[in-house]
Amino acid sequence: MEGQSQPSPSAGALPLLPKLPPLDNTYGAILLGSFASLMLYGLTLHQAYRYIRAHATDGLYMKCYVVFIVVLDSLHSGLCMHISYWYLVKCYFRPDRLFTGVWSLNMIAVTVGMTIILCQCFFARRVYIIGGKLRNIAFIAASLFLGELAFAIVATVKAFVLPNLIEFRKFAWTISAAYGLSVGSNAMLTSVLIFVLHRSRTGFQRTDSKIDTLIKYAVCTGLMTDLFGVLALVFALVQPSNLIYTGIDLVTSKLYVNSVLAALNFRDSVAPRKPTSGRTEGDRLSAYPRSIRQQVSDTEAWSHDLQYLSTASSGSMHVFDIKAVRNVESDGAVPIEPSDLPKDMV
């Protein structure tokens with residue numbers, strides 16, 4: 001009838017739409033994780049550039065290793081961007097697709113797992129180089145790496161096989177298991193490195209200061225990666241129905257890559273400085289206090305004046321082999337290069 005209001009087509013179509021999942025703790029968490037991971041990716045590129053410029057003399061295997069983890073990290077960044085674009089832009093008017101997985105989301109688990117394992121192999125190699133009984137710990141960590149990779153592969157296969165993300169909730173424990181092994185192996189390697197560094201203290205202030213700096217760095221990097229690993233582990237166990245653990249997963253991978261590159265670049269600030277070619281004696285003595293430099297200079301001038309003496313009787317030149325001994329006493333600290341640091345620890 002003319003007086004009756006006709007129902008709008010949109011009002012009748014709305015009940016037919018599937019119930020939308022909450023976006024704040026699912027794809028919103030992935031979006032925030034992508035933002036943070038991309039910022040860390042910029043830091044990764046900066047660290048890689050510094051490494052190429054400052055460490056051109058490193059072995060080929062180390063250069064290839066750095067290139068490989070940077071390429072893998074670049075692939076991970078591309079996956080993050082594709083996930084956010086696919087679900088929040090491409091499927092904006094297709095809410096039913098929010099329940100299904102996409103290849104980039106399915107590949108995240110194995111990509112992150114491989115990145116973390118490669119980065120942990122760098123620190124396991126350092127423990128292996130130390131030698132002795134500590135090599136057994138490196139082998140134990142390697143076995144944990146294999147278990148971590150196995151769980152990451154299982155999670156990736158299940159993500160491709162299962163029809164939707166709701167079914168994947170039953171296998172979210174595989175993510176927790178992978179992170180449990182990751183946190184355990186990382187804590188083990190960090191503890192060993194800190195123990196070795198603390199045992200390498202020499203009693204000299206300058207050397208011990210640099211060793212303390214290395215210990216602080218190991219604690220900070222190990223604590224940061226373990227903290228995010230524990231968070232991903234807990235959220236995957238407690239709240240498998242959302243994707244908060246995936247957002248944390250994206251950031252954790254970048255932290256591992258940056259920790260390795262920072263360790264490689266950090267060697268310049270703690271390694272003993274080698275004298276450059278053409279360095280003069282005055283340049284070498286410039287590191288000492290002024291009073292010490294003056295005593296050394298006076299001693300050398302005295303020895304130079306006595307080196308050649310002429311005699312009137314024979315008219316010949318006699319050469320006196322006089323060696324000036326630098327016995328310098330000072331209450332100030334003389335710079336000592338930390339050459340006692342274990343190889344590959346800096």
Side-chain angles (χ1 to χ4, degrees), residues 10 13-45 69-118 149 151-176 178-179 228-229 231-233 235-236 239-258:
S10 58
L14 285 177
L16 300 178
L17 292 176
K19 182 181 179 181
L20 296 178
L23 296 180
D24 55 347
N25 59 1
T26 53
Y27 299 107
I30 291 181
L31 183 64
L32 294 178
S34 299
F35 289 158
S37 65
L38 290 176
M39 287 189 289
L40 291 174
Y41 177 65
L43 183 59
T44 299
L45 297 180
I69 62 173
V70 171
V71 170
L72 192 60
D73 195 46
S74 301
L75 173 63
H76 176 264
S77 299
L79 294 178
C80 295
M81 290 184 288
H82 183 267
I83 293 172
S84 300
Y85 176 79
W86 175 263
Y87 285 105
L88 301 179
V89 178
K90 190 75 173 178
C91 300
Y92 182 76
F93 286 108
R94 302 176 64 183
D96 57 307
R97 299 300 300 270
L98 298 178
F99 295 94
T100 59
V102 67
W103 64 269
S104 54
L105 181 60
N106 298 338
M107 287 290 296
I108 280 293
V110 69
T111 305
V112 172
M114 290 179 60
T115 303
I116 293 177
I117 291 172
L118 284 175
L149 180 62
F151 281 114
I153 293 175
V154 170
T156 301
V157 172
K158 290 297 182 180
F160 275 103
V161 172
L162 296 176
N164 52 57
L165 297 177
I166 299 177
E167 295 293 331
F168 184 77
R169 298 175 184 176
K170 304 175 183 177
F171 298 93
W173 63 269
T174 57
I175 304 296
S176 298
Y179 268 109
F228 276 80
L231 288 176
L233 185 155
F235 276 101
Q239 297 182 358
S241 59
N242 56 46
L243 297 177
I244 295 179
Y245 64 91
T246 305
I248 300 174
D249 202 14
L250 304 181
V251 180
T252 307
S253 173
K254 305 296 184 187
L255 291 176
Y256 273 98
V257 175
N258 277 283

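If you're wondering where the values come from, they're calculated on a predicted model, not measured in any experiment. The first residue of the sequence shown is numbered 1, and numbering continues consecutively from there. Values below: all heavy atoms of this structure, side chains included; hydrogens, waters and symmetry mates excluded.
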Going from [atom1] on [X] to [atom2] on [Y], what distance comes out if it is rounded to the nearest 0.5 angstrom?
X: H76; Y: T115; atom1: NE2; atom2: OG1; result: 6.5 Å
X: I30; Y: I83; atom1: CD1; atom2: CD1; result: 5.5 Å
X: T26; Y: L243; atom1: OG1; atom2: CG; result: 6.0 Å
X: S104; Y: Y85; atom1: OG; atom2: OH; result: 12.5 Å
X: S253; Y: I108; atom1: OG; atom2: CD1; result: 8.0 Å
X: N106; Y: F168; atom1: CG; atom2: CZ; result: 8.0 Å

So which heavy atom on [X] is nearest to which on [Y], and how close?
X: L31; Y: S84; result: CD1-OG, 3.8 Å
X: L233; Y: S176; result: O-OG, 3.0 Å
X: R97; Y: C91; result: CB-SG, 3.7 Å
X: A152; Y: G113; result: CB-CA, 4.4 Å
X: L165; Y: L98; result: CD1-O, 3.8 Å

(Q) List the residues meeting salt bridge (Lys or Arg N to Asp or Glu O under 4.0 Å) with K170, not counting sequence neighbours, and say none if there are none. (A)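 If we apply the salt bridge (Lys or Arg N to Asp or Glu O under 4.0 Å) test to K170, skipping adjacent residues, the hits are E167.
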
Side-chain heavy atoms of [X] within contact of [Y], under 4.5 Å:
X: F171; Y: L162; value: yes
X: M107; Y: F160; value: yes
X: W173; Y: F151; value: yes
X: K158; Y: T174; value: no

Q: May I have all residue pairs that pass salt bridge (Lys or Arg N to Asp or Glu O under 4.0 Å) and include part of residues 69-89, sequence neighbours excluded?
A: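 Listed once each, the pairs are D73-K254.
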
(Q) side chain to side chain contact (heavy atoms under 4.5 Å, CB included), that's the test. Do L105 and W86 meet it? Break it down for me. (A) CA-CA 10 Å; L105 181 60; W86 175 263; over 6 Å; no

Residues which pass side chain to side chain contact (heavy atoms under 4.5 Å, CB included) with [X], listed by chain and number, not counting sequence neighbours:
X: A172; result: P240, Y245
X: L255; result: L40, M224, T225, F228, V251
X: Y92; result: none

Q. Is the W103 ring parallel, tilted or perpendicular to the H82 ring (thresholds 30°, 60°)?
A.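 Correct class here is tilted.
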
Q.
Test your reading of the model: is there a side-chain donor-acceptor pair from T156 to the backbone of V110, 3.5 Å cut-off?
A.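 Yes, the answer is positive, given that a donor and an acceptor are paired below the 3.5 Å cut-off.
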
Q | Residue list, side-chain hydrogen bond (donor to acceptor under 3.5 Å, both in side chains) with S74, at least two apart or on another chain | A |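 In terms of side-chain hydrogen bond (donor to acceptor under 3.5 Å, both in side chains), with neighbours along the sequence ignored, S74 is linked to Y41.
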
